[in-house]
S.K.: 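Right, I'll just put the structure down here and ask away after.
The model shown is predicted, which means the values in this text are computed figures rather than measured ones. We use all heavy atoms of the structure for the numbers below, so side chains are in, but hydrogens, waters and symmetry mates are not.
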Amino acid sequence: MKSFVKHIIFKFALKFFMGLGRILGKKQLIIVSSFLGSLLYSLSWKRKNVAFDNLKIAFEQQYKESELKKVLKKFIQEIILTALEIAFIVKKKEKLAQWAKVSGIEYLDEALKKRKGIIALSAHLGNIPVMLAWLAEKGYPVAVLFKEGKYLPEGFLYNLIKSYKIYPIPFRSDREVPKEIISALNKNMIVFILADQARPGIYAKFFGKYVQCQKGAFVIAQRKGSPLVPVFIVRGQNGHEIKIYPEIELQKQVEILIEKYNCLLEELIRKYPEQYYWFHRRFKRMRVH
């Protein structure tokens with residue numbers, strides 16, 4: 001019954017946001033997202049509590065609880081704004097050139113010259129669809145590993161990704177995914193992997209805690225010799241900023257590669273705490289090193 005109710009809620013929310021994307025102007029998106037975000041913040045719901053718990057663990061030494069509540073409110077507003085921006089871009093068929101600026105594009109260009117594909121390490125930070133679509137619009141061969149939303153219409157994300165000339169790699173199983181990633185790398189594509197969610201098997205340092213981390217992207221890079229290039233997007237004062245970092249040098253110890261990635265990500269999250277996706281149970285399993 002719970003699953004059915006959630007499906008109905010998500011279906012309604014999708015239609016609602018797509019409708020707003022059709023009728024709102026670009027300048028109105030911030031006003032509406034601020035109002036809706038404040039409304040949602042005032043309510044009590046499970047994922048809001050998960051997000052607040054995560055914030056307290058990550059910033060226990062940096063912010064007071066009253067300050068973290070302000071970050072939480074801004075985070076919810078940011079989630080709404082991201083959803084409205086995506087709906088606006090899709091419904092108005094916006095070109096992405098004016099939506100973002102990029103720094104470090106030369107690192108992608110240099111890595112592509114190696115003809116081994118690129119594993120672009122990213123995270124649930126900022127407006128990811130804008131980043132992917134912006135690069136694809138510029139002619140870069142972009143692919144992305146993704147998982148269809150549990151309560152979204154069947155094939156929704158797949159069709160949306162494909163419509164922006166991005167190669168979709170749906171997550172089916174741990175056995176099948178590496179084959180599809182390697183196939184894209186063999187075509188010298190830039191394969192985006194959001195490597196910040198917890199997965200069993202390896203622990204690495206993140207916000208001073210040893211947490212479960214994904215290792216698949218790093219292992220594939222080791223085996224293929226493909227460049228590991230961190231690529232993130234944040235909302236700056238003058239719009240979205242795509243930040244591309246120098247290639248992470250490959251080495252045998254996967255933990256070291258992961259912690260280099262985690263270090264870059266943590267630095268950005270500390271600077272833009274409201275833009276990270278705190279709904280994930282990132283600190284669910286921790287251990288003492």
Side-chain angles (χ1 to χ4, degrees), residues 9-43 45 47-48 51 55 67-105 122-140 142 144 149 152-153 156-157 159-161 163-166 192 194 231-244 268-279:
I9 291 171
F10 270 77
K11 191 174 180 180
F12 170 78
L14 183 62
K15 287 186 177 180
F16 177 69
F17 281 108
M18 286 299 180
L20 287 177
R22 186 183 294 111
I23 63 175
L24 293 177
K26 191 174 179 180
K27 291 181 179 179
Q28 296 172 308
L29 299 180
I30 294 175
I31 299 169
V32 174
S33 64
S34 180
F35 170 75
L36 292 176
S38 297
L39 181 63
L40 274 177
Y41 174 76
S42 68
L43 304 175
W45 38 294
R47 283 291 164 179
K48 174 188 164 185
L55 282 165
E67 293 173 317
L68 287 177
K69 287 180 179 179
K70 291 178 182 178
V71 174
L72 178 63
K73 183 177 181 180
K74 287 180 180 178
F75 158 65
I76 296 171
Q77 291 171 332
E78 181 69 25
I79 289 290
I80 300 294
L81 178 56
T82 296
L84 285 175
E85 284 180 337
I86 294 167
F88 180 87
I89 289 166
V90 170
K91 289 300 180 182
K92 302 287 178 70
K93 297 182 179 179
E94 283 271 298
K95 293 293 182 182
L96 277 298
Q98 302 303 316
W99 277 81
K101 292 183 179 180
V102 66
S103 61
I105 196 73
S122 197
H124 294 81
L125 176 72
N127 195 325
I128 300 157
V130 164
M131 172 177 66
L132 299 175
W134 190 94
L135 288 167
E137 190 177 280
K138 293 292 181 181
Y140 286 91
V142 176
V144 62
L152 290 174
F156 176 80
L157 289 180
N159 293 325
L160 180 61
I161 290 165
S163 71
Y164 281 88
K165 297 181 180 178
I166 299 165
F192 275 83
L194 309 185
V231 186
F232 303 102
I233 184 169
V234 295
R235 189 188 306 280
Q237 290 184 342
N238 299 312
H240 294 290
E241 300 172 7
I242 300 170
K243 296 179 178 291
I244 305 173
L268 282 173
I269 294 172
R270 287 188 182 279
K271 191 173 181 180
Y272 306 96
E274 74 285 351
Q275 296 185 38
Y276 188 59
Y277 194 77
W278 295 104
F279 289 145

S.K.: If you count every heavy atom of other residues, nucleotides or ligands that lies below 6.0 Å from F156 atom CZ, does the total exceed 12?
M.R.: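 Counting neighbours around CZ of F156, more than 12 heavy atoms of other residues, nucleotides or ligands fall under 6.0 Å, so yes.
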S.K.: Let me check something: any side-chain donor-acceptor pairs from residues 79-97 under 3.5 Å, sequence neighbours excluded? List them with distances.
M.R.:
from	atom 1	to	atom 2	distance (Å)
T82	OG1	E78	O	3.0
E85	OE1	N127	ND2	2.8
E85	OE1	R235	NH2	3.2
E85	OE1	H240	NE2	3.1
E85	OE2	R235	NH1	2.7
E85	OE2	H240	NE2	3.4
K92	NZ	L24	O	2.9
E94	OE1	W99	NE1	2.9

S.K.: Please step through side-chain contact (heavy atoms from CB on, under 4.5 Å) for the pair F232 and I128, ending with a clear verdict.
M.R.: CA-CA 8 Å; F232 303 102; I128 300 157; over 6 Å; no
S.K.: Does atom NZ of K26 have more than 12 heavy-atom neighbours, drawn from other residues, nucleotides or ligands, at distances under 6.0 Å?
M.R.: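 It does: K26 NZ has more than 12 such atoms within range.
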S.K.: So L29 and V32, side-chain contact (heavy atoms from CB on, under 4.5 Å) or not? Walk me through it.
M.R.: CA-CA 5 Å; L29 299 180; V32 174; over 6 Å; no
S.K.: Which heavy-atom pair separates S122 from M131 by the least distance, and what is that distance?
M.R.: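 Scanning both residues completely, I find the closest heavy atoms to be OG-CE, 3.4 Å.
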S.K.: Passes ring-ring contact (aromatic ring centres under 6.0 Å, His included), F17 versus F12? Steps please.
M.R.: CA-CA 9 Å; F17 281 108; F12 170 78; 9.2 Å; no
S.K.: For L39, does its backbone N or O pair with a side-chain atom of S42 as donor and acceptor, under 3.5 Å?
M.R.: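 Checked: pair present.
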S.K.: Going through the checks in order, is the side-chain contact (heavy atoms from CB on, under 4.5 Å) test met by I233 and W134?
M.R.: CA-CA 11 Å; I233 184 169; W134 190 94; over 6 Å; no
S.K.: Output the distance between atom CD1 (I105) and atom CG (L135), rounded to the nearest 0.5 Å.
M.R.: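 It comes to 5.5 Å.
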S.K.: For a quick test of reading the model, state the closest non-hydrogen atom pair linking K243 to Y272 and the distance between them.
M.R.: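 Taking every non-hydrogen atom into account, CE-OH, 4.3 Å.
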S.K.: So, for V71 and P273, which heavy atoms are closest and what is the spacing to 0.1 Å?
M.R.: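 The answer is CG1-CB, 4.0 Å.
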S.K.: Classify the ring geometry of H124 against Y277: parallel below 30°, tilted from 30° to 60°, perpendicular beyond 60°.
M.R.: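 Tilted, since the angle between the ring planes falls between 30° and 60°.
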S.K.: If you round to the nearest 0.5 Å, how far is CG of L132 from OH of Y164?
M.R.: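 If I round to the nearest 0.5 Å, the distance is 11.5 Å.
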S.K.: Salt bridge or not for K69 and E67, using N-O below 4.0 Å?
M.R.: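 No, no charged N to carboxylate O under 4.0 Å.
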S.K.: Find out whether F279 and F75 are in side-chain contact, i.e. whether some heavy atom of one side chain is under 4.5 Å from a heavy atom of the other.
M.R.: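 Yes. Closest side-chain heavy atoms under 4.5 Å.
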S.K.: Can you find a heavy atom in the side chain of V234 that is under 4.5 Å from one in the side chain of Y276?
M.R.: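 V234 vs Y276: side chains apart.
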S.K.: Which pair of non-hydrogen atoms, one from V130 and one from A100, has the smallest distance, and what is that distance?
M.R.: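 Closest approach of V130 to A100, heavy atoms only: CG1-CB, 4.3 Å.
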S.K.: Going from CD1 on I76 to CG on L40, what distance comes out if it is rounded to the nearest 0.5 angstrom?
M.R.: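 Interatomic distance, I76 CD1 to L40 CG, rounded to 0.5 Å: 6.5 Å.
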S.K.: Okay, side chain of Q28, backbone of G25: is any donor-acceptor separation there less than 3.5 Å?
M.R.: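 Confirmed, Q28 side chain pairs with G25 backbone.
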S.K.: For K48, is the NZ atom crowded, meaning more than 12 foreign heavy atoms sit under 6.0 Å from it?
M.R.: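 Counting other residues, nucleotides and ligands, NZ of K48 exceeds 12 neighbours.
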S.K.: Under a 3.5 Å cutoff, is there a donor and acceptor pairing between the side chains of Q77 and S38?
M.R.: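 Yes, side-chain donor-acceptor contact under 3.5 Å.
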